[in-house]
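Structure first, commentary second.
Side chains are part of it too, since the values below use all heavy atoms of this structure and drop only hydrogens, waters and symmetry mates. Within every chain, numbering begins at 1; the chains are lettered A, B, ... in the order of the sequence lines, protein sequences first and strands thereafter.
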Protein chains: 2
Amino acid sequence: MAVVDRRRQVIEAAAKSFSLFGYKATTMDQVARIASVGKGTIYTFFSNKEQLFDEIVHKVILEMKHIAEREIRRDKPFFDNLQRVLDSLLEFRSEHELIIKLSQEKREFGTPQAQEGLDKIEGAIIGYLEREVEHAIRQGEIKPCDPKVISVVMLKLYITLTAELNKLHAPLGKEEIKAYFRLILAEGLAQQTM
Amino acid sequence: MAVVDRRRQVIEAAAKSFSLFGYKATTMDQVARIASVGKGTIYTFFSNKEQLFDEIVHKVILEMKHIAEREIRRDKPFFDNLQRVLDSLLEFRSEHELIIKLSQEKREFGTPQAQEGLDKIEGAIIGYLEREVEHAIRQGEIKPCDPKVISVVMLKLYITLTAELNKLHAPLGKEEIKAYFRLILAEGLAQQTM
DNA sequence: TTTCTGACTATTTTACAAATTCGGTCATTC
DNA sequence: GAATGACCGAATTTGTAAAATAGTCAGAAA
């Protein structure tokens with residue numbers, strides 16, 4: 001009981017600190033202080049700073065999985081589901097403090113652990129998309145293709161439309177993004193010749 | 001005559017040095033030495049280091065424009081032309097020493113001038129694609145859409161398929177890239193319902 | 001007179017050492 | 001036996017002296 005409580009205190013303190021200060025600027029002393037725990041106590045649960053960080057990243061990934069699952073409606077068409085899932089995932093991603101902080105830390109300092117954490121989160125999104133694409137292929141909703149390739153492309157396309165484009169073009173509205181996503185990926189740009 | 005010659009010597013020396021050592025590690029003394037010219041002479045043609053660098057970047061962009069124009073066959077379909085142009089541009093991009101060096105410098109040191117130079121080159125590619133997309137829309141070859149948006153998406157998709165994907169997936173062959181590019185962008189993933 | 005030059009200067013970058021901070025340990029405490 | 005925080009070596013930061021560099025300009029070369 002006391003053990004469980006201490007572990008939770010540590011995890012909560014770590015989540016708070018990593019979100020607020022990033023990986024590098026979070027010290028084990030600080031985590032201990034926020035958790036009102038001796039520094040040694042942290043090491044009874046996690047063998048080092050990286051493993052503690054991993055735990056926090058994993059919690060975020062789990063949270064994202066729940067969000068995604070909540071958006072799936074098996075009776076709706078694949079592209080509708082895809083749209084809703086990516087929408088909610090990217091909104092979560094752009095609002096979650098830890099992810100914002102890690103992105104900033106990566107840009108500013110290039111901290112490898114921040115990069116790895118973000119990669120794990122991206123990998124989880126792609127893995128999730130992959131299974132949905134596989135399902136859609138089996139259902140005959142989309143043409144046969146490599147789910148990994150298509151998943152990566154989908155995520156990149158979404159990021160391009162929602163974020164990268166804004167450097168060169170006025171930001172697109174939600175409806176525009178939805179329309180372009182469908183136009184490009186689902187229907188294709190080629191003018192039907194018949 | 002002597003003036004023209006000196007200017008060319010400076011430009012050639014600068015091109016060589018920026019390609020070999022990047023922006024930061026290229027010194028004006030070194031450029032002068034390679035060009036067999038006094039350092040002051042450089043400043044009679046270019047007001048500072050950044051402007052000299054700009055000249056070199058512009059030469060690369062011009063070269064790329066020629067390469068692209070060489071690939072365009074007005075009698076062929078848009079997607080064939082697009083494929084060939086992107087292919088040759090990205091091959092050029094991945095083999096040109098200046099671009100390789102600037103990419104490395106950006107990754108390694110984050111030199112702002114290297115970043116800006118690469119952005120200009122990318123902007124030129126997108127601008128070129130934009131005009132081609134406009135042409136294709138006018139010809140009725142592709143559906144009406146914002147050429148800027150589509151150009152950015154096309155370039156990003158191509159980079160994803162040729163480079164980014166390799167971190168998570170076995171590299172695709174040239175024919176596979178071509179097939180996915182068409183499948184995704186031109187034909188669309190959605191299974192035709194009739 | 002005009003063109004070109006490299007020694008010169010002010011500023012930035014680097015190199016290095018001292019001081020500080022930090023991740024991780026472990027003898028002691030509770 | 002679980003929890004702690006003083007302690008340790010390694011890593012990072014800081015302060016600063018030395019070196020390098022972009023840009024100038026008085027004077028040499030043409």
Side-chain angles (χ1 to χ4, degrees), chain A residues 1-18 20-57 101-102 105-106 108-117, chain B residues 1-18 20-57 101 104-106 108-117:
Chain A
M1 162 67 186
V3 174
V4 172
D5 208 38
R6 279 201 151 69
R7 192 187 151 92
R8 249 191 49 188
Q9 278 176 292
V10 169
I11 288 178
E12 271 169 30
K16 202 176 286 182
S17 183
F18 283 130
L20 227 50
F21 307 111
Y23 180 86
K24 210 179 64 158
T26 287
T27 72
M28 296 304 263
D29 277 302
Q30 193 175 32
V31 173
R33 194 149 29 77
I34 296 173
S36 313
V37 138
K39 184 159 58 148
T41 305
I42 300 174
Y43 288 89
T44 63
F45 303 121
F46 304 97
S47 62
N48 55 42
K49 187 179 175 180
E50 292 208 30
Q51 204 179 299
L52 174 61
F53 179 62
D54 246 40
E55 173 79 18
I56 307 304
V57 169
K101 196 68 206 178
L102 290 181
E105 189 176 352
K106 177 194 146 189
E108 223 155 304
F109 306 105
T111 318
Q113 289 89 349
Q115 170 79 260
E116 278 163 37
Chain B
M1 161 68 185
V3 175
V4 172
D5 207 39
R6 281 201 149 68
R7 192 188 152 93
R8 248 190 51 188
Q9 279 176 291
V10 169
I11 289 178
E12 270 168 30
K16 202 176 288 181
S17 184
F18 284 130
L20 227 49
F21 307 112
Y23 181 85
K24 208 179 66 160
T26 286
T27 71
M28 297 303 263
D29 277 302
Q30 191 176 34
V31 172
R33 195 152 25 81
I34 295 173
S36 315
V37 139
K39 184 160 56 148
T41 305
I42 300 174
Y43 288 89
T44 62
F45 303 121
F46 304 96
S47 61
N48 55 42
K49 188 180 174 180
E50 292 208 29
Q51 203 179 302
L52 175 59
F53 179 62
D54 246 41
E55 174 79 18
I56 308 304
V57 170
K101 196 69 206 177
Q104 183 198 325
E105 189 176 352
K106 177 194 146 191
E108 223 155 303
F109 306 105
T111 316
Q113 289 88 350
Q115 171 80 259
E116 278 163 36

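Residues A:F21 and A:E105 form no side-chain contact, since every pair of their non-hydrogen atoms from C-beta on lies 4.5 Å or further apart. When side chains are defined from C-beta on, A:I34 does not count as touching A:V31, because their heavy atoms never get closer than 4.5 Å. Residues B:K101 and B:F18 fail the side-chain proximity criterion, which asks for heavy atoms closer than 4.5 Å. Using a 4.5 Å heavy-atom cutoff, the side chains of A:Y43 and A:K39 are in contact. Two residues are said to be in side-chain contact when any heavy atoms from C-beta on lie closer than 4.5 Å; B:F46 and B:I11 meet this criterion.
Rounded to an integer number of Å, the gap from NZ of B:K49 to P of D:dT24 is 15 Å. For the pair B:F53 CZ and D:dT21 P, the interatomic distance rounds to 18 Å; values are reported in whole Å. Rounded to an integer number of Å, the gap from B:Q113 CD to D:dA22 P is 11 Å. Note: CD (A:Q51) to P (C:dG23) measures 15 Å, nearest angstrom. Atom CZ of B:R7 and atom C1' of C:dC4 are 17 Å apart (whole Å). Between the CG atom of A:D5 and the P atom of D:dA3 there is a distance of 10 Å, given to the nearest Å. Atom CZ of B:F45 is separated from atom C1' of D:dT24 by 17 Å (rounded to the nearest Å). Rounded to whole Å, atom P of D:dT21 lies 14 Å from atom CD1 of B:I42.
In the interface, the side chain of A:K39 is paired with the base of C:dG24 through a donor and an acceptor atom under 3.5 Å apart.
Mapping A:G40 and B:Y43 onto DNA chain D by nearest heavy atom places A:G40 closer to the 5' end of the strand.
For A:K106, the NZ atom counts as loosely surrounded, since its 6.0 Å shell holds 12 or fewer non-hydrogen atoms of other residues, nucleotides or ligands.
Contact between the side-chain N/O atoms of B:T41 and the OP1/OP2 oxygens of C:dC4 is not found at any separation under 4.0 Å. Side-chain nitrogen and oxygen atoms of A:R6 include at least one within less than 4.0 Å of the OP1 or OP2 phosphate oxygen of D:dA3.
The stretch residues 20-33 of chain A touches DNA chain D through A:K24, each having a heavy atom under 4.0 angstrom from the strand.
Remark: A:R8 engages A:E12 in a salt bridge, criterion side-chain N to carboxylate O under 4.0 Å.
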